2 protein chains.
Amino acid sequence: MSKTSQAAGLHRASLAKLHELDAALELMYYGWRGMTLEADDYLAKQGLSRPHHRILYVVARRPDIAIGALIEILGISKQALNRPLNLLLERKLLTSKRSPEQHRSKLLRLTAAGQRIEQKASDRERKVMRQAFERAGASGAAAWMAVMEAIADSN
Amino acid sequence: MSKTSQAAGLHRASLAKLHELDAALELMYYGWRGMTLEADDYLAKQGLSRPHHRILYVVARRPDIAIGALIEILGISKQALNRPLNLLLERKLLTSKRSPEQHRSKLLRLTAAGQRIEQKASDRERKVMRQAFERAGASGAAAWMAVMEAIADSN
DNA sequence: GCCCTCATGTCAACTATATTGACTTGAGAG
DNA sequence: CTCTCAAGTCAATATAGTTGACATGAGGGC
């Protein structure tokens, strides 16, 4: 469920660097791992995992989103969404209601319990980021964001 | 095999920010995606994927590594390593030989073909990083590394 | 009222990546 | 000859995703 636990995995910096930028590649990998590690542990304790969190995260920021729009934002198929979404509905972390005028669409919303879990999971990720930004200072944080934007937009 | 293709997925910045640090969470996600997108496409064309690349990457930087050590570095189980490793051996991208004195261990090494594929895949990741670092300048790159180190070491 | 479209829902089969547990093989050391 | 240990293999399971096919149900056009 989680790639975490004792899989301390790669003790960073144990590999020879063949290229100058190898350190950057590895930092991206370990950075992603480091940011999500605690959140994944928390989610696993709730019987949830990353895809559930992604759904909760998006719905929290787009209340009354329709299923089709959610599928687009997540970039997965309807069928892949189906299982985790139904679990969240069964667990009453999400509600779906038909829209008044657009009766074809179902609108998704977090319940109070869903909000709590979304917040706790995302908080764990934000905590890691906040600590790193505090160490780096405001200018370091801004530089990090600028580099990440350049990478994200490189497609 | 690849999460890529038309799954342009989340057009960045389409979500309302509930917290100041939400942008950072999303940038980490898109940054990872952005860095690995082209490499994953290339690997998919070779009939390979991320786990194969991880194996090739590590073996390239630790020639004559034993299987046990590889398992530790990758942080996966022996059984999970088995399939992708055997594929790489069948395809003659890796060779394994018994060590002269430590006959119990098999030592892994890249073939010329394995080196070529490892290099091409990693090059695509490095290219993305290099472009982002060029845009950010040397100080921006250093700041990015410092922040990522703080995140990676936060466990 | 009848049909077409379209969002949603569901079923089945498949692939890939991982897990744990149990067992075999093969070489070295005593 | 047996014990240990690295490596290999087999089976069952979970998770996360895919495509394809088809059902349902509401709105809109005529």
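Just so you know, these numbers come straight off a predicted model, no measurement behind them.
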Could you give the [atom1]-to-[atom2] distance, from [X] to [N], as a whole number of Å?
X	N	atom1	atom2	value
B:Ile76	D:dT15	CD1	C1'	16 Å
B:Asn82	D:dA7	CG	P	12 Å
A:Ile67	D:dT24	CD1	P	18 Å
A:Glu72	C:dT8	CD	P	11 Å
B:Lys78	D:dC5	NZ	C1'	11 Å
A:Leu74	D:dT18	CG	C1'	16 Å
A:Leu48	D:dA14	CG	P	17 Å
B:Arg83	D:dG8	CZ	P	16 Å

Among the nucleotides [options], which one has an atom lying closest to any side-chain atom of [X]?
X	options	value
B:Gln79	C:dT20, D:dT19, C:dA18	C:dT20
B:Ala80	C:dA18, D:dA7, C:dT10	C:dA18
B:Ser105	C:dT8, C:dT10, D:dA6	D:dA6

Give a yes/no answer on whether the side chain of [X] brings an N or O atom under 4.0 Å of OP1 or OP2 in [N].
X	N	answer
A:Ser77	D:dT18	yes
B:Ser49	C:dT17	yes
B:Asn86	D:dT9	yes
B:Arg54	C:dA18	yes
B:Lys106	D:dG8	yes

- Item | Note: B:Arg124-B:Glu118 ion pair, threshold 4.0 Å (strictly below) | no
- Query: Does the distance from a Lys or Arg side-chain N to an Asp or Glu carboxylate O, for B:Glu38 and B:Lys127, drop under 4.0 Å?
  - Reply: yes
- For atom CD of A:Gln46, decide whether the heavy atoms of other residues, nucleotides or ligands shown that lie under 6.0 angstrom number more than 12. yes
- State, yes or no, whether a side-chain contact exists between B:Leu94 and B:Thr111 at a heavy-atom distance under 4.5 Å. no
- Query: So do the side chains of A:Leu81 and A:Leu74 get within less than 4.5 Å of each other, counting heavy atoms only?
  - Reply: yes
